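Below is one structure, written out as structure tokens; comments come after it.
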Protein chains: 2
Amino acid sequence: MPMSRKPGAKSSTATAVHETLAAVLQVRDGELQVLLWERAREPEAGAWALPGGVLDAAETLEESIRRHLAAKVDVRELSHLEQLRTLSEPDRHPGGRVLATAYLGLVPAGIDPALPEDTAWHPVDELPRTAFDHGAVALAGRERLRAKLSYTNLGFALAPPTFTISELRSLYRAALGHAVSATNLQRVLPRRRLLVETGERRGPGRTGGRPAALFRFRTQDLEVTDQFAVLRPPGRAFAGGGG
Amino acid sequence: MPMSRKPGAKSSTATAVHETLAAVLQVRDGELQVLLWERAREPEAGAWALPGGVLDAAETLEESIRRHLAAKVDVRELSHLEQLRTLSEPDRHPGGRVLATAYLGLVPAGIDPALPEDTAWHPVDELPRTAFDHGAVALAGRERLRAKLSYTNLGFALAPPTFTISELRSLYRAALGHAVSATNLQRVLPRRRLLVETGERRGPGRTGGRPAALFRFRTQDLEVTDQFAVLRPPGRAFAGGGG
DNA sequence: GCAAAAGTGTTGTGTCTACACCCATGT
DNA sequence: ACATGGGTGTAGACACAACACTTTTGC
């Protein structure tokens, strides 16, 4: 078992730097976008990188990524944060071995955090030249989000506190990358107890139209809402068609 | 960005040892079991630990866990290996900080690998006293397996090359922890193109009974088979009830 | 009245569960 | 014939998609 290793001891289990990275995603202008900063120095000068940095001695990985993100955005605006995976290709970083634990972070729509000079949002579907393996991490974050939107209530992390079905539909469309029917969204999400009607309505725009009901997510805690019809325990209600 | 850090430089980003761990699961005697070894030395002498060890300088995490597992089982018998998550609680290991990347490994039923003296299989539902946070990792492996059994073809990793529906049912029951109907398994899995009939049959036992058809999994590569009915793109076939 | 936007009624389809029933074998 | 275990027929429940239609607003 590893433990009393002298720092700097020259051995094959050399000291590897460990960093944290985050693909912070938000729906902006109808597109799913990721927060990137432009590297000024070599290596990879001019390429865009995910926010992150080195793990400190006394912090957990999650504390670390929150600390580094604080330099780019207001961390209180993060509605969700989860670990994606740890990257370990020995040559993923020139100039020395760097292990990296990647996170997925989400920011609700409608927030526009102040950003440093070198930092900007980019559509995940049109990434600029990215540094190291950061492009792949951004795409992995998008895929994790897409999967969880379908079988959990993770939508709460993309949506503002209250919203109309129309607005929610456009968030889902941006995140999933395909059209979503407002009709069916309105039936499915309340049936699954994801959405609750607030009772309020939003007045129509200048062009008219019926006022839209305002909804909110029932909870801001991640829950699995689609229990996979097949292979469920026998004898349950809701035994019908797959969910 | 981390890179040109002198090994042994005294700083708050001290050198942390990185290890890999694996929850290797197999259905044995109708129960889901996990491979553990009994620690002879402190810390945690007498407690049971997951196999694993320190990450070497030039290897990836997956290479590392395969190398360490080779000391316990024949790695060729592993039908599946995937990363679970990286543990980073600063005090998860007494005597020094140890980051650990945990893997889930699976071994098909029917194989009984030779094991070292200190190593044994234990039912995941009745774990002995476990070392460090290894018990939680074993349970996390079980949960990952259960989820993926329901929406992927991961069953291939639990099953022998060919099997009857009955045998497969008992594997699923052990892994999922609840009864599974053979009738429905026989309809659902072929419909989802997970199973293929081999054409062969297995003779009945001494007590009689109709000979059972032998099946195999169509592929040994992980595939997502349940595409989550809701929020699928519009206009597709199979648009009906949820998958 | 007309256009615009929101929301509902309704029908059709596919999946899954459950249970009864039939089939093939050993004794 | 009977027991045992494998496999199928069939009916019911339910979720979902699609589309037509109604409701509520602004002009």
Side-chain angles (χ1 to χ4, degrees), chain A residues 150-151 162-170 172-173 176 178-195 197-215 225-243, chain B residues 149-151 162-170 172 176 178-195 197-215 225-243:
Chain A
S150 296
Y151 70 91
T162 68
F163 45 83
T164 67
I165 293 292
S166 247
E167 290 161 356
L168 188 63
R169 178 179 62 95
S170 98
Y172 273 78
R173 175 161 40 96
L176 293 170
H178 63 72
V180 174
S181 150
T183 300
N184 294 328
L185 213 54
Q186 179 145 34
R187 307 225 212 228
V188 170
L189 297 189
R191 176 169 46 215
R192 291 188 167 185
R193 326 281 254 33
L194 294 206
L195 295 189
E197 212 161 342
T198 64
E200 295 168 276
R201 310 196 155 265
R202 167 159 306 165
R206 286 121 191 69
T207 77
R210 176 170 167 174
L214 283 176
F215 291 82
T225 56
D226 181 349
Q227 284 294 10
F228 314 123
V230 185
L231 314 180
R232 270 188 297 203
R236 306 221 344 218
F238 284 26
Chain B
L149 277 181
S150 295
Y151 70 91
T162 68
F163 44 83
T164 67
I165 294 293
S166 256
E167 290 162 356
L168 188 63
R169 179 179 62 95
S170 98
Y172 273 78
L176 292 170
H178 62 72
V180 174
S181 148
T183 300
N184 295 330
L185 214 55
Q186 180 145 32
R187 310 232 211 220
V188 169
L189 297 188
R191 176 168 46 214
R192 291 186 168 185
R193 323 273 271 24
L194 295 206
L195 295 190
E197 212 162 340
T198 64
E200 294 169 278
R201 306 193 161 269
R202 167 159 306 164
R206 286 128 190 65
T207 78
R210 177 171 167 174
L214 284 177
F215 290 82
T225 56
D226 180 351
Q227 283 295 7
F228 314 124
V230 184
L231 313 180
R232 269 189 296 206
R236 306 218 346 217
F238 285 25

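Per chain, numbering begins at 1; letters A, B, ... match sequence-line order. Because the structure is predicted, anything quoted here is derived from the model rather than measured.
Of all nucleotides listed (D/dG6, D/dG7, D/dA17), D/dA17 comes nearest to the side chain of A/V188.
In this structure, CZ of B/R201 is placed 12 Å from P of D/dG6, rounded to the nearest angstrom. Between the CG atom of B/L189 and the P atom of C/dT17 there is a distance of 11 Å, rounded to whole Å. B/R193 has its CZ atom 16 Å from the C1' atom of C/dT15, to the nearest Å. Atom CD of A/E197 is separated from atom P of C/dA6 by 14 Å (rounded to the nearest Å). Atom P of nucleotide C/dA18 and atom CD of B/Q186 are separated by 17 Å, given to the nearest angstrom. If you measure from atom CG of A/L185 to atom C1' of D/dA18, you get 15 Å, rounded to the nearest angstrom. A straight line from CZ of B/F163 to C1' of D/dG5 spans 19 Å, rounded to a whole angstrom. Following rounding to the nearest Å, A/R169 (CZ) and C/dA5 (C1') show an atom-to-atom distance of 11 Å.
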Contacts under 3.5 angstrom, residues 205-212 of chain A side chains, donor-acceptor by atom type, not counting sequence neighbours:
none

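Minimum heavy-atom separation, A/L185 to A/L168: CD2-C, 4.2 Å. The two residues A/F215 and A/Q186 come nearest to each other via the heavy atoms CZ-NE2, 3.9 Å.
Between D/dA18 and A/S181, no contact under 4.0 Å exists linking OP1 or OP2 to a side-chain N or O. Within the structure, every side-chain polar atom (N or O) of A/R202 is placed at least 4.0 Å from both OP1 and OP2 of C/dA6. Within the 4.0 Å cut-off from OP1 or OP2 of C/dT15, not a single side-chain nitrogen or oxygen of B/R192 is found. Side-chain nitrogen and oxygen atoms of A/S166 include at least one within less than 4.0 Å of the OP1 or OP2 phosphate oxygen of C/dA6.
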In the 5'-to-3' direction, what one-character label does each nucleotide of nucleotides 19-27 of chain D receive under the scheme B = base within less than 4.0 Å of a protein heavy atom, S = sugar-phosphate only, - = no such atom?
-> B---BBBSS
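The distance from atom CG of A/L194 to atom OG1 of A/T225, rounded to the nearest 0.5 Å, is 5.0 Å. In this structure, OG1 on B/T164 lies 9.0 Å from CZ on B/R169, to the nearest 0.5 angstrom.
Annotation for A/R202: atom CZ counts as buried by contact number, over 12 foreign heavy atoms lying within 6.0 Å.
Counting only heavy atoms from C-beta outward, the side chains of A/L195 and A/I165 approach each other to under 4.5 Å.
At a threshold of 4.0 angstrom between heavy atoms, the contacts of B/A182 with the nucleic acid are absent.
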